[in-house]
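Here the structure is a predicted model, which is why all the values come from computation and not from measurement.
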Amino acid sequence: PSSLGVGDGRLVHAFQSICIWSVAIVSGLMDFSHLTPSVLWDLSGSDPLWALVRVKGVMAFNPRSILATVTGVRVPVPINLHELKEATVKAAAGLGSAIVAFHNEQDVHTVADCPDMAERMVRLWMHRARLAV
């Protein structure tokens, strides 16, 4: 990040700020128990790439970094940034769960109508493969 120009630095800093505040607002600002894997998944539009990029944006955010000083932009930072990062990692760790894989009602009906346990496992592993790519 220190090799970024001012324009690129501002863009990265703005993206990280968007990640921080979108997750903070959705999680309830103070009570991070609301930030579950399903909430993170929905916030990211059920897109595994966007979910993981959002997590990276939260984790990479450091208000005292060179990037923040290069941009010259002061963005308010949540007071409980450390707790927000912990909650984000915890939610990200659960993205591969069956609850997230089948969170849509349509998916739940599809799985409920599926009599074969092997097919359910295939669907779960397909979800996990999407996260891994």
Side-chain angles (χ1 to χ4, degrees):
S2 59
S3 63
L4 294 176
V6 175
D8 290 338
R10 284 184 182 182
L11 185 62
V12 170
H13 190 66
F15 173 74
Q16 290 175 350
S17 299
I18 289 167
C19 291
I20 285 285
W21 282 107
S22 64
V23 172
I25 290 168
V26 167
S27 65
L29 288 175
M30 297 306 259
D31 182 11
F32 294 117
S33 64
H34 297 300
L35 185 58
T36 63
S38 294
V39 168
L40 180 60
W41 187 248
D42 285 339
L43 179 63
S44 302
S46 301
D47 183 339
L49 179 61
W50 182 226
L52 296 175
V53 166
R54 185 181 303 272
V55 170
K56 181 179 179 181
V58 169
M59 298 310 297
F61 184 81
N62 179 357
R64 294 188 274 306
S65 71
I66 291 174
L67 185 60
T69 47
V70 165
T71 63
V73 177
R74 293 217 174 242
V75 176
V77 178
I79 296 169
N80 43 8
L81 182 60
H82 181 72
E83 290 87 1
L84 176 64
K85 288 184 175 191
E86 285 181 2
T88 302
V89 168
K90 196 175 189 180
L95 288 175
S97 71
I99 292 171
V100 174
F102 305 118
H103 81 287
N104 288 337
E105 196 172 321
Q106 180 182 16
D107 291 338
V108 171
H109 290 305
T110 303
V111 171
D113 294 340
C114 175
D116 186 13
M117 186 59 143
E119 188 174 335
R120 290 182 188 183
M121 291 305 295
V122 167
R123 290 174 192 254
L124 178 59
W125 283 107
M126 287 173 57
H127 169 75
R128 290 177 177 167
R130 286 181 58 212
L131 286 167
V133 174

ask   = Checking side-chain contact (heavy atoms from CB on, under 4.5 Å) for the pair Ser27/Val39: CA distance, chi angles, key distance, verdict?
value = CA-CA 8 Å; Ser27 65; Val39 168; over 6 Å; no
task = Check Phe102 against Leu124 and note the closest heavy-atom contact, atom names and distance.
result =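 Heavy atoms of Phe102 and Leu124 come nearest at CZ-N, 3.9 Å.
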query = If you take all heavy atoms of Arg130 and Pro48, which pair is closest and at what distance?
reply = NH2-CD, 3.1 Å
inquiry  = Is there a side-chain contact between Lys85 and Leu81 in this structure, where contact means two heavy atoms from C-beta onward sitting under 4.5 Å apart?
reply    = yes
inquiry  = Can you confirm whether Ile99 sits close enough to Ser38 that some side-chain heavy atom of one is under 4.5 Å from a side-chain heavy atom of the other?
reply    =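 Yes, their side chains come closer than 4.5 Å.
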key: Nearest-0.5 Å distance, CD1 of residue Ile20 to CE of residue Met59   =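 If I round to the nearest 0.5 Å, the distance is 8.5 Å.
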ask   = Rounded to the nearest 0.5 Å, how far apart are CZ of Phe61 and OG1 of Thr88?
value = 12.5 Å
ask   = Can you check side-chain contact (heavy atoms from CB on, under 4.5 Å) on Trp50 and Leu43, steps first, answer last?
value = CA-CA 9 Å; Trp50 182 226; Leu43 179 63; over 6 Å; no
task = Quick one: do Leu131 and Trp41 satisfy side-chain contact (heavy atoms from CB on, under 4.5 Å)? Show the steps, please.
result = CA-CA 11 Å; Leu131 286 167; Trp41 187 248; 3.9 Å; yes
task = Please list, chain by chain and in numerical order, all residues satisfying side-chain hydrogen bond (donor to acceptor under 3.5 Å, both in side chains) with Asp47, sequence neighbours excluded.
result = none
request  = Taking only Lys NZ, Arg NE, NH1 and NH2, and the carboxylate oxygens of Asp or Glu, determine whether Arg123 and Glu119 approach each other closer than 4.0 Å.
outcome  = yes
inquiry  = Working note: Val55 + Leu40, criterion side-chain contact (heavy atoms from CB on, under 4.5 Å); need CA distance, chi angles, decisive distance, verdict.
reply    = CA-CA 9 Å; Val55 170; Leu40 180 60; 3.7 Å; yes
